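Please read the structure below before turning to the comments.
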Amino acid sequence: MYDLLVIGGGAAGLSAALAARERGAKVALLGKCFPPRSQSSMAQGGINAVLGGEGDSVQEHIADTLRSAHTLADEARVRRLCERAPEAIAWLDRIGTPFSRTADGKIAQRRLGGARGDRACYAQDYTGLKILHTLYDRALKEAIEFLDEHFLLNFVVEEGRVLGVTAIEMADGEVRAIGAKSVVVATGGYAGLYRGFTTNSSATTGDGVAAAIRAGCILSDMEFVQFHPTALRGSGVLISESARGAGGRLLNGSGERFVDELKPRDEVAAAIWEQLEGGEEVYLDIRHLGEAFIDEHLPQERKLAILYEGVDPVRDPLPIKPVAHYTMGGIEVDDAHMTKVAGLFAAGECANAHIHGANRLGGNSLLETVVFGREAGENAVEFARENGSLGSISSLRFEKDRNFVAAVGRFTNQIDFYAKRDFMGKLFYRNVGILRNETGLKGVLSAVRQMQKELPFMGIADKSRTFNTNLFEFIEFGNMLELAETVLVGAIGRNESRGAHRREDFPRENDEKFGGVHSLAWKEAGTLCNRFGGMR
Ligand SMILES: Cc1cc2nc3c(=O)[nH]c(=O)nc-3n(C[C@H](O)[C@H](O)[C@H](O)COP(=O)(O)OP(=O)(O)OC[C@H]3O[C@@H](n4cnc5c(N)ncnc54)[C@H](O)[C@@H]3O)c2cc1C
């Protein structure tokens, strides 16, 4: 029996697993892909921490984070995150993260949008990749058991306490029950709902968040989805904020600048959207930075632009559009990162730890994965030690999940779920995107509910058991539909504009009704319930 089972091998999951191992716990880490392939590897711009440079302070970091959150962050937790940031960077540095350096050997820092200081530590524009690889290298040296290519289905919960999970072993299609005294879920966000219009990897389908609401957890603030201002127009591939941080300019088709490029993301994305809706093209221009600077500081951006858009940013401005990038909502957790289910903790993008509120600041998410990921791992081990094991997993959940997987093979497959998945991505981008209104949101809600009814008429064409991606993508689609409903219900109920949630029909922030108020969603007997209120 594991003391701790971590679900997800991104920066949050690996940080949790490492912290638990440092406390001598028996730890396993389960994931649907190899850890270095997790989406954390795509992070480019940097990880925030005030390291004592001139013109910045921890107080400013806290203030910037709170301002960007538009009253939906918890000040004490933001304070804890920002105060622990320098220690987190020192730890990452110590275990070997190859941060870029200044001429005098200090960790180099750059300014990202919404920050009043140069506080994002970076490794060229490969920050997430370098951090993730360093964490994974470290984890391989520890006695952590890796259950790679295992697909989480559900959490096993009895009498309000987590006992483990059910998962499919992807190599042979077997459903397994895995017991643990505590579980940390770190499965990433749900921006995959905007398929075709997101910077996220196709694996970011919110599986852990959907499993959490089915297990009795509360989800909160699901309507808050951040749109990154500068994705390549054709592919949606991200061009990092570090390009604007370095002096990149946003231009319309007439070559005019129309917004302060370093404003918070919600404001820059909305300004670009307005231009695009008005029939303008929008470009990111970094030519004036020069080839030597671009190759030194933004090498990945140049490669991505050439590869995905056929444009070399050294010579031409990059055509861009805003796309879904980060999901602020997620699994509601308490100060110890525990969900409503005892022993089940959540960290990273799948959790809502009330740090980012209505709009995340660039560089704060990687920080959260490391600081809160480690805290979640420590607290989970403590929980396991204090509460022990409740014995083996009863067969009920396991039988249910095994029967479900077998039944999917018999679904009629009359409706192509891949076409529905693409359709939902388009619907979400147009109607649950940067600018929303009640008619559009309600229309998408009824389309989503219709798709939920049609699921048994969808299904899979491939009936094989070995690495059946058709099956996993179908299960992911079911999770996406489950979460789509929670996003829509939250967005319809929030009759105001706040941060990343902009309503054409309610263009003002309504502090009287919604200031500090969170949308909460949970399930009762399989039915979605929701209300607006304070934290639990
Ligand atoms: C292009 C891009 C650039 C970014 N740049 C920055 C930046 O510069 N700075 C910053 O702070 N943030 C940045 N972000 C955001 C940040 O990278 C993410 O929020 C963060 O890395 C999420 O880490 P995580 O560990 O929570 O999840 P992830 O890294 O997404 O890992 C999730 C893990 O869960 C596993 N998993 C998912 N579902 C299942 C399942 N059903 N069964 C088993 N395992 C499962 C996955 O395989 C994966 O291992 C960026 C994001 C993107 C997309």
Side-chain angles (χ1 to χ4, degrees), residues 5-17 29-49 85 110 112-113 120-123 125-129 131-132 135-136 146-154 165-168 170 184-192 198-211 226 228 230-232 236-242 245 265 300-301 304 323-328 330-331 346-351 353 355-356 360-370 372-373 376 472 475-476 479:
L5 176 63
V6 178
I7 316 296
L14 285 168
S15 297
L29 188 147
L30 176 154
K32 68 180 175 182
C33 69
F34 284 103
R37 297 198 55 145
S38 303
Q39 173 163 285
S40 292
S41 66
M42 295 163 77
Q44 301 167 1
I47 172 168
N48 287 340
R110 56 165 65 118
L112 299 180
C121 310
Y122 59 93
D125 52 0
Y126 294 100
T127 313
L129 185 88
I131 289 176
L132 191 67
L135 292 172
Y136 185 52
F146 282 95
L147 303 172
D148 292 328
E149 296 180 327
H150 279 64
F151 189 103
L152 168 78
L153 291 172
N154 280 299
V165 306
T166 57
I168 307 180
M170 296 164 81
V184 171
V185 54
T187 45
Y190 49 91
T198 172
T199 59
N200 281 207
S201 84
S202 55
T204 311
T205 47
D207 303 343
V209 184
Q226 178 172 79
H228 198 292
T230 57
L232 292 173
V237 166
L238 178 79
I239 296 300
S240 166
E241 198 158 279
S242 43
R265 286 181 183 168
Q300 186 177 195
E301 316 307 314
L304 291 172
V323 298
H325 181 59
Y326 183 89
T327 45
M328 274 77 74
I331 309 166
E349 195 170 335
C350 71
I355 291 298
H356 314 296
R360 176 188 69 110
L361 275 189
N364 268 356
S365 164
L366 282 178
L367 178 63
E368 181 188 8
T369 64
V370 178
F372 285 180
F472 303 126
I475 297 172
E476 286 172 349
N479 287 331

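In what follows, every heavy atom counts, from backbone to side chain, and hydrogens, waters and symmetry copies are set aside. These figures come from a predicted structure and were not determined experimentally. Order of listing sets the numbers, starting from 1, for every ligand and every atom in it.
For the ligand labelled ligand 1, residue Thr369 lies inside the 4.0 Å heavy-atom shell. Distances shorter than 4.0 angstrom occur between a heavy atom of Thr199 and an atom of ligand 1. Ligand 1 lies less than 4.0 angstrom from a heavy atom belonging to Gly363. Residue contacts with ligand 1 do not include Gly362, since none of its heavy atoms lies under 4.0 Å from the ligand. Heavy atoms of Asn364 come nearer than 4.0 angstrom to ligand 1 in at least one pair. Distances shorter than 4.0 angstrom occur between a heavy atom of Ala186 and an atom of ligand 1. In this structure, Arg360 is part of the shell of residues with a heavy atom less than 4.0 angstrom from ligand 1. Residue contacts with ligand 1: His150 is included, with a non-hydrogen atom under 4.0 Å away. The closest approach between any non-hydrogen atom of Cys33 and ligand 1 is below 4.0 Å.
For atom 35 (C) of ligand 1, the nearest non-hydrogen atom from the set Cys350, Ala167, Gly8 comes from Gly8. Of the options Ile47, Asp207, Thr204, the smallest heavy-atom separation from atom 40 (C) of ligand 1 is shown by Asp207. Evaluated by nearest non-hydrogen atom to atom 51 (C) of ligand 1, the leading choice among Glu149, Met42, His325, Gln44 is His325. Remark: among candidates Gly46, Gly45, Ser365, the nearest residue to atom 9 (N) of ligand 1 is Gly46, based on non-hydrogen atoms. For atom 22 (C) of ligand 1, the nearest non-hydrogen atom from the set Ser40, Gly348, Pro35 belongs to Ser40.
Using cut-offs of 30° and 60° for the angle between ring planes, the Phe151 and Phe472 rings count as parallel.
The protein heavy atom nearest to atom 17 (O) of ligand 1 is Ala43 CB, 3.5 Å.
Which parts of ligand 1 touch Leu152 is read off a 4.0 Å heavy-atom cut-off, strictly below it: atoms 40 (C), 41 (N), 42 (N), 43 (C). Under a 4.0 Å criterion applied to the non-hydrogen atoms of Glu349, ligand 1 contributes the atoms 18 (C), 19 (O), 22 (C), 26 (O).
Checking each of Leu152, Asp148, Asp207 against Lys32 for a side-chain contact (heavy atoms from CB on, under 4.5 Å) leaves exactly one that passes, namely Asp207.
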